[in-house]
Enquirer: 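One structure is given below, represented as structure tokens, and several questions about it will come after.
If you read the sequence from its start, that first residue is 1, and numbering goes on from there.
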Amino acid sequence: MADVKQVEVVVAHHECATLRVGDVFLKVDADQTRTDVEVEAMAMAPVPTPEVLWRKPPVLALAALRGTALGRLGKPSIASPAAWAAAGAAARMLHDAPLPPWPGRSIDEIASRLDGECEWLITNGVLPTDLVTRNRRIAEAALRPWTPVFTHGDLQVSHVFVDGDEITGVIDWSEAAQGDALHDLAILTLGHEEHLGDVVAGYGTHVDLDVIRAWWSLRSLLAIRWLVEHGFDPFLPGCEVDVLRARM
């Protein structure tokens, strides 16, 4: 690393930051509980993950993965249908693995937070009332009993790396927990509805598409305030607000 002439800021906000220094990613997180979860989840996961090079709190050093991200929210994915199917197969492998020992959020906790975020969006005039109300109604379908599986928790398309049609690794495991399998599939396809069929084909079993669409609405409603407060723009084309508008 001594010969590296440039440091790239991958993402940064007041809670954590990720830097790329040559072939090493440095994650700096003020909450070491998240890092504890990430390290343990990567050790348990039956899918490729980054190699942990060293850990000196608050810094976690991870080796870079081969290939590129499957895609980015708000931009068309250039990955092949086979790569998207491989992502679905990787999700199925994870969901079939033994559960992590820590629980995820309960349905009641998610519903309570959803109510609070919807109220904030309407009260502060961030989104039209009918847009929030319509998507809140759709989101209800996700709030049903599920059989807990080992979930990544934030399986967004930029966290899955591919080289050709091969999955080379999955990053950012700090939200891994017991949870709903369809939540992972929904986050993976958020803003990339055209690839849902490929993911489901790779997943290899029947899934309830209405529940996946419900998670799209739920995830977007929950994310907007956080994004705004952390300097991100959910109103960009193809991002969270457009996902909500597509449900109208």
Side-chain angles (χ1 to χ4, degrees), residues 11 13-16 29-38 41 73-74 91 95 99-159 172-191 207-208 210-236 239-248:
V11 63
H13 49 79
H14 69 260
E15 293 177 359
C16 62
D29 198 326
D31 184 351
Q32 285 304 290
T33 301
R34 284 195 294 257
T35 306
D36 292 341
V37 168
E38 178 157 18
L73 184 61
H95 297 161
L99 290 171
W102 57 92
R105 292 187 178 92
S106 70
I107 296 173
D108 288 344
E109 288 173 319
I110 296 170
S112 177
R113 186 180 167 211
L114 179 62
D115 288 340
E117 293 304 310
C118 289
E119 181 180 357
W120 182 86
L121 291 169
I122 293 171
T123 300
N124 290 277
V126 177
L127 294 177
T129 299
D130 62 339
L131 183 62
V132 175
T133 302
R134 167 64 175 164
N135 278 275
R136 175 65 178 83
R137 190 177 304 119
I138 293 171
E140 286 286 345
L143 301 175
R144 85 281 175 227
W146 60 71
T147 300
V149 300
F150 187 169
T151 60
H152 179 279
D154 191 22
L155 196 62
Q156 54 184 284
V157 67
S158 61
H159 290 166
D172 284 358
W173 291 80
S174 61
E175 295 185 42
Q178 299 178 25
D180 179 17
L182 298 191
H183 175 263
D184 269 354
L185 298 185
I187 302 310
L188 179 61
T189 54
L190 184 76
V207 301
D208 189 329
D210 286 338
V211 173
I212 288 181
R213 296 184 183 101
W215 274 119
W216 287 342
S217 292
L218 199 157
R219 165 75 172 207
S220 298
L221 290 169
L222 292 184
I224 290 174
R225 174 165 34 173
W226 187 95
L227 292 168
V228 170
E229 292 179 346
H230 288 78
F232 301 101
D233 188 356
F235 288 86
L236 290 174
C239 292
E240 285 79 4
V241 174
D242 273 357
V243 170
L244 296 176
R245 288 170 176 157
R247 309 273 72 82
M248 296 298 285

Enquirer: Applying salt bridge (charged side-chain N to carboxylate O under 4.0 Å, His left out), name anything that partners D242, two or more places apart in sequence or on another chain.
Expert: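 Residues passing salt bridge (charged side-chain N to carboxylate O under 4.0 Å, His left out) with D242: R245.
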Enquirer: Considering only residues two or more places apart or on different chains, which pairs with a residue in residues 212-221 satisfy salt bridge (charged side-chain N to carboxylate O under 4.0 Å, His left out)?
Expert: D154-R219, D210-R213
Enquirer: Step by step, work out the side-chain contact (heavy atoms from CB on, under 4.5 Å) result for L221 and E117.
Expert: CA-CA 7 Å; L221 290 169; E117 293 304 310; 5.5 Å; no
Enquirer: Hey, are E38 and R34 close enough for a salt bridge, meaning a charged N less than 4.0 Å from a carboxylate O?
Expert: no
Enquirer: Can you check whether F232 reaches V11 side chain to side chain, under 4.5 Å on heavy atoms?
Expert: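 When only atoms from C-beta onward are counted, V11 and F232 do touch, with a gap below 4.5 Å.
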Enquirer: Does R225, at its CZ atom, have more than 12 non-hydrogen atoms belonging to other residues, nucleotides or ligands within less than 6.0 Å?
Expert: yes
Enquirer: For the residue pair H159 and D172, confirm or rule out a side-chain donor-acceptor distance under 3.5 Å.
Expert: yes
Enquirer: Whether the side chain of N135 engages the backbone of L244 through a donor-acceptor N/O pair (distance < 3.5 Å, no angle test) should be reported.
Expert: yes
Enquirer: For the backbone of P100 and the side chain of Q178, can you confirm whether one donor and one acceptor N or O come within less than 3.5 Å of each other?
Expert: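 Yes; at least one donor-acceptor contact below 3.5 Å.
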Enquirer: Please confirm whether the backbone N or O of A142 pairs with a side-chain atom of R144, one donor and one acceptor, at under 3.5 Å?
Expert: yes
Enquirer: Quick one: does any side-chain atom of T151 pair with a main-chain N or O of A177 as donor and acceptor, under 3.5 Å?
Expert: yes
Enquirer: Check the pair S174, T35 against side-chain contact (heavy atoms from CB on, under 4.5 Å), reporting the backbone distance first and the verdict last.
Expert: CA-CA 6 Å; S174 61; T35 306; over 6 Å; no
Enquirer: Minimum heavy-atom separation for G191 to L73, with atom names?
Expert: CA-CD1, 3.9 Å
Enquirer: Compare every heavy atom of L99 with every heavy atom of F150, then report the nearest pair and how far apart it is.
Expert: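 For F150 versus L99, the nearest heavy atoms are N-CD2, 3.6 Å.
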Enquirer: Can L190 and W215 be said to form a side-chain contact (heavy atoms from CB on, under 4.5 Å), step by step?
Expert: CA-CA 9 Å; L190 184 76; W215 274 119; over 6 Å; no
Enquirer: Strictly distance-based, threshold 3.5 Å: is any side-chain N or O of D184 a donor or acceptor partner for the main-chain N or O of G153?
Expert: yes
Enquirer: Report yes if the distance between the aromatic ring centroids of H183 and W216 is under 6.0 Å, otherwise no.
Expert: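 H183 vs W216: aromatic centres not under 6.0 Å.
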Enquirer: Working note: E109 + R113, criterion salt bridge (Lys or Arg N to Asp or Glu O under 4.0 Å); need CA distance, chi angles, decisive distance, verdict.
Expert: CA-CA 6 Å; E109 288 173 319; R113 186 180 167 211; over 6 Å; no
Enquirer: Within the structure provided, determine whether V157 and I187 are in side-chain contact (heavy-atom separation under 4.5 Å).
Expert: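 The answer is no, as the side chains (C-beta and beyond) never meet within the 4.5 Å cut-off.
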Enquirer: Can any side-chain N or O of R136 pair as donor or acceptor with the backbone N or O of C118 at less than 3.5 Å?
Expert: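 No, because the side chain of R136 does not come within donor-acceptor range (under 3.5 Å) of the backbone of C118.
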Enquirer: So which atom in A141 and which in V211 form the shortest heavy-atom distance, rounded to 0.1 Å?
Expert: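 A141 and V211 have their closest heavy atoms at O-CG2, 3.9 Å.
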Enquirer: Within a strict 4.5 Å, meaning less than it, do heavy atoms of the E240 and L227 side chains meet?
Expert: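 Sidechains of L227 and E240: in contact.
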Enquirer: Sequence neighbours excluded and cut-off under 3.5 Å, please list the side-chain donor-acceptor pairs for residues 119-129, or say none.
Expert:
unit_1, atom_1, unit_2, atom_2, d
T123, OG1, E119, O, 2.8
N124, ND2, W120, O, 2.9

Enquirer: Which pair of heavy atoms, one from V37 and one from A176, lies closest together, and at what distance?
Expert: CG1-O, 3.7 Å
